Amino acid sequence: MSLPDDSRYLRGGPVAQRIIVAVREDAKIAKAEGFPPKLISITVGDTDAVDVYVRNQRAKAQLAGIDFEERRFPATITSGELEAAIHGLNADPRVTGIIIQRPVPAHISVKTLQAAVHPLKDVEGMHPASIGNIVYNQLDLAPCTAAASVELLRETGLDLKGLEVVIVGHSEIVGKPIAFLLMSEGATVTVCHHMTRSVAAHARRADALFVAVGKPRLIKADMVKPGAAVIDIGINSEIGPDGTSRIVGDVDTDSVKDVASWITPVPGGVGPITVAILLRNTMVALSRQHALYESTYGTADRLAAE
Ligand SMILES: NC(=O)C1=CN([C@@H]2O[C@H](COP(=O)(O)OP(=O)(O)OC[C@H]3O[C@@H](n4cnc5c(N)ncnc54)[C@H](OP(=O)(O)O)[C@@H]3O)[C@@H](O)[C@H]2O)C=CC1
Ligand SMILES: Nc1nc(=O)c2c([nH]1)NC[C@@H]1CN(c3ccc(C(=O)N[C@@H](CCC(=O)O)C(=O)O)cc3)C=[N+]21
């Protein structure tokens with residue numbers, strides 16, 4: 001889809017590009033120091049949104065100089081088998097980071113899998129020990145989509161302090177971490193979900209509206225305050241008028257763009273930044289592992305050599 005050249009569109013491409021350039025520099029240095037970064041993606045079963053994400057992870061990891069490997073498992077696999085595979089990756093010193101693609105089949109608990117990833121290899125910040133960091137305002141490694149969405153809001157130049165923010169969707173991986181990230185920035189945050197009495201009434205008060213539900217065109221123009229920033233996080237596959245599959249968000253962009261001052265396109269908005277932040281998180285994880293390695297072995301080795 002090509003978008004008109006309209007400053008209301010908050011495009012993710014340039015932001016993602018900036019991040020990837022910095023990651024590439026870091027990856028080059030890490031390789032020279034003998035710590036080549038390697039990211040492993042674990043997919044269980046088949047989901048369109050995951051396929052898009054993994055395809056872009058592979059492409060951008062290659063651009064950034066990060067080794068990328070996808071491990072695909074059938075939907076019939078047991079939780080025990082997956083946990084064993086994760087433990088193997090935890091123990092493999094060549095593996096820097098592990099991402100568990102969501103969703104996983106109903107008979108498997110994604111929480112159990114996330115808890116099985118070693119916190120030092122948790123590049124999404126989803127281990128129960130990692131997710132607490134954002135509650136304590138330690139924001140250098142946050143869940144990727146949440147961090148990407150906040151990064152796009154910053155592009156508006158709006159002052160986040162005291163900003164009225166409404167988030168629609170409260171998943172652990174998107175809605176809740178966005179709320180914590182924005183609270184850290186001083187925004188006033190309201191979180192809506194399927195039990196909220198009137199999502200529209202809340203949404204209409206928002207200076208910045210984040211939507212992560214997974215329902216095409218859920219947010220219409222009459223739910224948006226004139227002049228608001230609308231961050232559309234949804235990635236939904238649907239069949240377009242020409243009969244081919246296409247990706248759309250959760251916002252009815254055609255009507256909302258006439259009301260909002262800023263809107264993120266889908267594709268081309270949050271998605272590319274999510275991928276870039278995953279790669280940046282891989283480098284943050286690597287530098288933590290490197291620091292631990294040095295404090296455990298490095299000094300001793302250097303002393304021995306002198
Ligand atoms: N762009 C990107 O980088 C990413 C995009 N996504 C996309 O974002 C979307 C959401 O993903 P994710 O958070 O993982 O999804 P989940 O299905 O885990 O969460 C959806 C959330 O929406 C809430 N919800 C459902 N129906 C309504 C409704 N009618 N009104 C208000 N809230 C509602 C649910 O509430 P409750 O739990 O109470 O039912 C839940 O909190 C998907 O389209 C996904 O593909 C996801 C990750 C990354
Ligand atoms: N553990 C986990 N973490 C996730 O963050 C996660 C997940 N599981 N499961 C699936 C969803 C979906 N998701 C996408 C991220 C980026 C694009 C993306 O790169 N989109 C581009 C490209 C679109 C295209 O190539 O057609 C865009 O929107 O412009 C898509 C989808 C992350 N998710």
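No hydrogens, no waters, no symmetry mates; every other heavy atom, side chains included, goes into these values. Start at 1 and go down the list; that is how both ligands and their atoms are numbered. All of these numbers come straight from a predicted model, not from anything done at the bench.
- Counting only heavy atoms from C-beta outward, the side chains of Glu164 and Lys225 never approach each other to under 4.5 Å.
- What sits closest to atom 25 (C) of ligand 1 on the protein, heavy atoms only, is Val213 CG1, 3.6 Å.
- Counting heavy atoms from C-beta outward, Arg11 and Leu152 have side chains that stay 4.5 Å or more apart.
- Under the 4.0 Å criterion applied to side-chain N and carboxylate O atoms, Asp92 and Arg94 are assigned as salt-bridge partners.
- Atom numbering of ligand 2 starts at 1 in the shown order; those under 4.0 Å from a heavy atom of Gln101 are 1 (N), 7 (C), 8 (N).
- Ranking protein heavy atoms by distance to atom 4 (C) of ligand 2, first place goes to Tyr53 CE2, 3.3 Å.
- Each of Glu70, Arg72, Gln101 was compared with Ser41 under the side-chain hydrogen bond (donor to acceptor under 3.5 Å, both in side chains) criterion, and only Gln101 meets it.
- The shortest N/O to N/O separation between Asn56 and ligand 2 falls below 3.5 Å.
- Test Ile263, Val211, Asp222 against Val256 for side-chain contact (heavy atoms from CB on, under 4.5 Å) and you get one pass: Ile263.
- Between Ile42 and Ile98, some side-chain heavy-atom pair lies under the 4.5 Å cut-off.
- For atom 8 (N) of ligand 2, the nearest protein heavy atom (residue, atom name, distance) is Arg102 N, 2.9 Å.
- Counting the atoms of ligand 1 from 1 in the order shown, those under 4.0 Å from a heavy atom of Val168 are 31 (C), 32 (N).
- Near Gly271, meaning under 4.0 Å from any of its heavy atoms, are these atoms of ligand 2: 16 (C), 17 (C), 18 (C), 19 (O), 20 (N), 28 (O).
- Heavy-atom contacts of Arg55 reach the following atoms of ligand 2: 24 (C), 25 (O), 26 (O) (cutoff under 4.0 Å).
- Using a 4.0 Å cut-off between heavy atoms, Val266 makes no contact with ligand 2 at all.
- Looking only at side-chain heavy atoms (C-beta outward), Lys161 and Leu163 stay at 4.5 Å or farther from each other.
- With respect to Glu69 and Lys38, a salt bridge is recorded, a charged nitrogen being found less than 4.0 Å from a carboxylate O.
- Where the criterion is an N or O separation shorter than 3.5 Å, residue side chain and backbone included, Thr274 meets it with respect to ligand 1.
- Per-residue contacts place Val275 under 4.0 angstrom from the following atoms of ligand 2 (heavy atoms of the residue considered): 19 (O).
- At least one side-chain heavy atom of Arg154 sits less than 4.5 Å from a side-chain heavy atom of Leu160.
- Taking every non-hydrogen atom of Thr145 and a distance limit under 4.0 Å, the qualifying atoms of ligand 1 come out as 2 (C), 3 (O), 4 (C), 47 (C), 48 (C).
- Atom NZ of Lys220 is surrounded by more than 12 heavy atoms from other residues, nucleotides or ligands within 6.0 Å.
- At the shortest separation from atom 12 (C) of ligand 2 among protein heavy atoms lies Ala49 O, 3.8 Å.
- Using a 4.0 Å cut-off to heavy atoms of Ile173, the atoms of ligand 2 that qualify are 1 (N), 2 (C), 3 (N).
- Listed for the Glu25 side chain is no donor-acceptor partner under 3.5 Å among the backbone atoms of Ala22.
- Proximity to Ser171 (heavy-atom distance under 4.0 Å) selects the following atoms of ligand 1: 12 (P), 13 (O), 18 (O), 19 (O), 41 (O).
- Those atoms of ligand 1 that come under 4.0 Å of a heavy atom in Ala212, given as number and element, are 10 (C), 20 (C), 21 (C), 22 (O).
- Checking each of Leu278, Leu286, Asp67 against Leu39 for a side-chain contact (heavy atoms from CB on, under 4.5 Å) leaves exactly one that passes, namely Leu278.
- Atom CD of Gln62 is surrounded by 12 or fewer heavy atoms from other residues, nucleotides or ligands within 6.0 Å.
- In this structure, atom 23 (C) of ligand 1 lies nearest to the protein heavy atom Gly169 CA, 3.9 Å.
- For ligand 2 and Gly268, the ligand atoms under 4.0 Å from any heavy atom of the residue are 27 (C), 28 (O), 29 (O).
- Looking only at heavy atoms of the protein, atom 34 (C) of ligand 1 is closest to His170 CD2, 4.3 Å.
- Taking any N or O of Ile100, backbone or side chain, at least one lies under 3.5 Å from an N or O belonging to ligand 2.
- Taking a 6.0 Å sphere around CZ of Phe68, one finds it holds more than 12 heavy atoms contributed by other residues, nucleotides or ligands.
- The nearest heavy-atom contact from the protein to atom 26 (O) of ligand 2 is Ile247 CD1, 3.5 Å.
- Protein heavy atom nearest atom 39 (O) of ligand 1, with residue, atom name and distance: His194 ND1, 2.8 Å.
- Using a 30° and 60° split on the angle between ring planes, Phe35 and Tyr293 fall in the perpendicular class, above 60°.
- Protein heavy atom nearest atom 42 (C) of ligand 1, with residue, atom name and distance: Gly214 CA, 3.7 Å.
- Not one N or O on the side chain of Asp250 forms a donor-acceptor pair closer than 3.5 Å with the backbone of Asp232.
- Annotation: Val199 places no N or O atom under 3.5 Å from an N or O atom of ligand 1; distance criterion only.
- Each of the following atoms of ligand 2 lies closer than 4.0 Å to a heavy atom of Val50: 9 (N), 10 (C).
- In terms of polar-atom proximity, Leu218 is not counted as a contact of ligand 1, lacking any N or O under 3.5 Å from an N or O of the ligand.
- Considering Ile219, Ile233, Thr47 only, the shortest heavy-atom separation from atom 6 (N) of ligand 1 involves Ile233.
- In this comparison of Thr145, Thr43, Asp48, the heavy atom closest to atom 5 (O) of ligand 2 sits on Thr145.
- Residue contacts with ligand 2, taken as heavy atom pairs separated by less than 4.0 Å, involve Glu124 solely via side-chain atoms from C-beta onward.
- In summary, the atoms of ligand 1 found under 4.0 Å from a heavy atom of Lys215, numbered by their order in the structure, are 25 (C), 26 (N), 27 (C), 29 (N).
- Within ligand 1, counting atoms from 1 as listed, the ones closer than 4.0 Å to a heavy atom of Val174 are 13 (O), 47 (C).
- Side-chain atoms of Asp122 come within 3.5 Å of backbone atoms of His127 as a donor-acceptor pair (strictly under, hydrogens ignored).
- In terms of protein heavy-atom proximity, atom 44 (C) of ligand 1 is nearest to Ile235 N, 4.0 Å.
- Among the candidates Val23, Leu63, Asp26, Ile19, the single residue satisfying the side-chain contact (heavy atoms from CB on, under 4.5 Å) test with Leu279 is Val23.
- The shortest distance between side-chain heavy atoms of Gln138 and Ser130 does not fall below 4.5 Å.
- Between Val275 and the choices Arg280, Lys60, Arg58, Arg55, the side-chain contact (heavy atoms from CB on, under 4.5 Å) rule is met once, by Lys60.
- Residue contact check: Asn236 has heavy atoms under 4.0 Å from atoms 43 (O) of ligand 1.
- The contact set between ligand 1 and Ile173, taken as ligand atoms under 4.0 Å from a residue heavy atom, comprises 14 (O).
- Near Val52, with a cut-off below 4.0 Å to any heavy atom, the atoms of ligand 2 are 23 (C), 24 (C), 25 (O), 30 (C).
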